Undergrad: 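Could you have a look at this structure, given as structure tokens, before my questions?
None of these values were measured; they are calculated from a predicted model. What's counted below: heavy atoms across the whole structure, side chains too, no hydrogens, waters or symmetry copies. One is the number of the first residue; the rest follow in order along the sequence.
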Amino acid sequence: MSTRAVRTAYATRPPAPAPGAGRRILGAVAIAATVPYLALKTAWLSGSRIGIPDGSVLLEPGPFFIAANTVTLAMDASVLLLVLVLTRPWGIRGPAWLLAVPVFVATGLLTPIVVAFPGQLLIRALGFGADPAVVAAREPFLDPWVFNVVYSGFMVQGLALAGLFVPYARERWGRLWRGVTGAGVHPDGVRGRLPSSTGVVAAASAPAGLAVAAVYAYWAFGGTAGLAAERAATHSAETGVVAAVHALCALAAVAGTLLLVRGGGLRARWPLALAWVGAGATLTWGAWTLLASLGPQLDGGEGPSAAVLLAYAGQMITGSLAAVVLSRFLISRGEG
């Protein structure tokens, strides 16, 4: 199809219908969920010490913490723009990559929180949380209520954005996940099929992802080898939940990519969902925690061990390779 034909079809596309009441409500919920985090970050950048106890390293923030607060403030504020794109009629006409990239990042950052935070709350409610004496011995960082408010907001954001994005994606890109995965890898790179190089990328992601999953599963079930002394001393069932979620995300990335390149009669939506969530979570959390480890430690303690840094790097590698397979699969479906 020529460029002129594409522009003509684009220009003559009927206007997108206005969102229903359900989507408007979800949009309002997502926006409301950003308020506590945005308010706290703005207050801290303005010099307020709300939620910061005596002795916390945050009372004298250096350039790293100021930059981190600024970046995270901008990241959470971008949720407001995402809500507008996902709920306004003009949002369906924007460039695909301009929406897909931030949604991919948001999916990756919020999914582990949506899963792990309720798990941690349940463990505390059952009396299996961290030892109070160990908690009291930690360097002061933030008041406990800050974590509950912030992570509750993140959880609501994640659920609301998922409720907005799924119908939007079905309306705009539904044809990409209809039917089955198809022919899978094909050495000739026929349109609608994946080239053989995609299979190589998927095969490379498998050992990396399985190694990451094994390490996090070991930590999830109480293992402390490879952890720095302070982190090992504070290891508990609560931190184990987070490790278990990271292990599951790595497995999801591997399973999704392998199923996409395998092809066959499996419905495409399931491996696509696994690859999207798994790749997003492993890539973004690996990158985020690795970047955070380069700056001053938030609790004033020692930095992560070499094994932990390798786990972060493994997450980034797994997520990056899975993202390549995912994007190639979607491109092949669009061309077929």
Undergrad: Tell me whether the rings of W173 and Y168 are parallel (<30°), tilted (30 to 60°) or perpendicular (>60°).
TA: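 Judged by the thresholds at 30° and 60°, the geometry between W173 and Y168 is perpendicular.
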Undergrad: When the ring centroid of F154 is compared with that of F117, is the distance short of 6.0 Å?
TA: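 That pair fails the under 6.0 Å test.
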Undergrad: Taking the side chain as every heavy atom from C-beta outward, state whether L290 and L294 have any atom pair closer than 4.5 Å.
TA: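 No; the side chains remain at least 4.5 Å from each other.
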Undergrad: As an exercise, state the distance from CG of L121 to CG of N148, rounded to the nearest 0.5 Å.
TA: 6.5 Å
Undergrad: Is the backbone N or O of A279 less than 3.5 Å from a side-chain atom of T282, with the two atoms forming a donor-acceptor pair by type?
TA: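 A pair under 3.5 Å: yes.
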Undergrad: Can you spot which of V83, V79, L109 makes a side-chain contact (heavy atoms from CB on, under 4.5 Å) with Q157?
TA: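 Option passing the side-chain contact (heavy atoms from CB on, under 4.5 Å) with Q157: V79.
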Undergrad: For P112 and V245, work out which heavy atoms get closest and say how close.
TA: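 In this case the closest contact between P112 and V245 is CA-CG1, 3.7 Å.
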Undergrad: Does any non-hydrogen side-chain atom of L82 lie less than 4.5 Å from one of P102?
TA: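 Yes. Closest side-chain heavy atoms under 4.5 Å.
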Undergrad: Please check if atom OH in Y151 has more than 12 non-hydrogen atoms from other residues, nucleotides or ligands closer than 6.0 Å.
TA: no
Undergrad: Say you draw a straight line from OG of S327 to CZ of F104; how long is it, rounded to the nearest 0.5 Å?
TA: 9.0 Å
Undergrad: Kindly give the heavy-atom pair with the smallest separation between L227 and S305, and that separation in Å.
TA: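 Looking at all heavy atoms of both residues, the closest pair is CA-OG, 4.0 Å.
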Undergrad: I need the L326 CG to I331 CD1 distance, nearest 0.5 Å.
TA: 9.5 Å
Undergrad: Give the minimum heavy-atom separation between A162 and P167, together with the two atoms involved.
TA: O-CD, 4.4 Å
Undergrad: Which residues pass the side-chain contact (heavy atoms from CB on, under 4.5 Å) test with A32, not counting sequence neighbours?
TA: none
Undergrad: Tell me whether V254 shares a hydrophobic cluster with V201, the cluster being built from Ile, Leu, Val, Met, Phe, Trp, Tyr side chains joined at under 4.5 Å.
TA: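 They do not share one cluster, since no chain of ILVMFWY contacts under 4.5 Å joins V254 to V201.
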Undergrad: For W97, I'd like to know if atom CH2 has over 12 heavy atoms of other residues, nucleotides or ligands within 6.0 Å.
TA: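 No, CH2 of W97 has 12 or fewer neighbouring heavy atoms, counting only those of other groups under 6.0 Å.
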Undergrad: For L283 and M316, work out which heavy atoms get closest and say how close.
TA: CD1-O, 3.7 Å
Undergrad: Do D143 and R49 sit within salt-bridge range, that is, some charged N less than 4.0 Å from a carboxylate O?
TA: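 No, no charged N to carboxylate O under 4.0 Å.
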Undergrad: Show the numbers, then the answer: is there a side-chain hydrogen bond (donor to acceptor under 3.5 Å, both in side chains) between S197 and R328?
TA: CA-CA 10 Å; S197 60; R328 287 186 176 180; 2.8 Å; yes
Undergrad: Return the CG to CG distance between N69 and L45, rounded to the nearest 0.5 Å.
TA: 5.0 Å
Undergrad: Checking A28 now: which residues fulfil side-chain contact (heavy atoms from CB on, under 4.5 Å) with it, not counting sequence neighbours?
TA: none
Undergrad: Measure across L164 and L86 and return the closest heavy-atom pair with its distance rounded to 0.1 Å.
TA: CB-CD1, 3.9 Å
Undergrad: May I ask whether L58 and V149 are part of the same hydrophobic cluster, defined by side-chain heavy atoms of I, L, V, M, F, W, Y residues being less than 4.5 angstrom apart, directly or through others?
TA: yes
Undergrad: What distance do W285 atom CH2 and L110 atom CG have between them, rounded to the nearest 0.5 Å?
TA: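 With rounding to 0.5 Å, CH2 (W285) is 9.0 Å from CG (L110).
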Undergrad: When rounded to the nearest 0.5 angstrom, what distance separates CD1 in I123 from OG1 in T239?
TA: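 Those atoms lie 9.0 Å apart.
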Undergrad: Which heavy atom in R231 sits nearest to a heavy atom in V308, and how many Å separate them?
TA: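 That would be NH1-CG1, 3.3 Å.
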Undergrad: Under the ring pair (Phe, Tyr, Trp, His ring centres under 6.0 Å) rule, collect the residues that match up with Y312, sequence neighbours excluded.
TA: none
Undergrad: Between Y216 and W219, how do the two ring planes meet: parallel, tilted or perpendicular, split at 30° and 60°?
TA: perpendicular
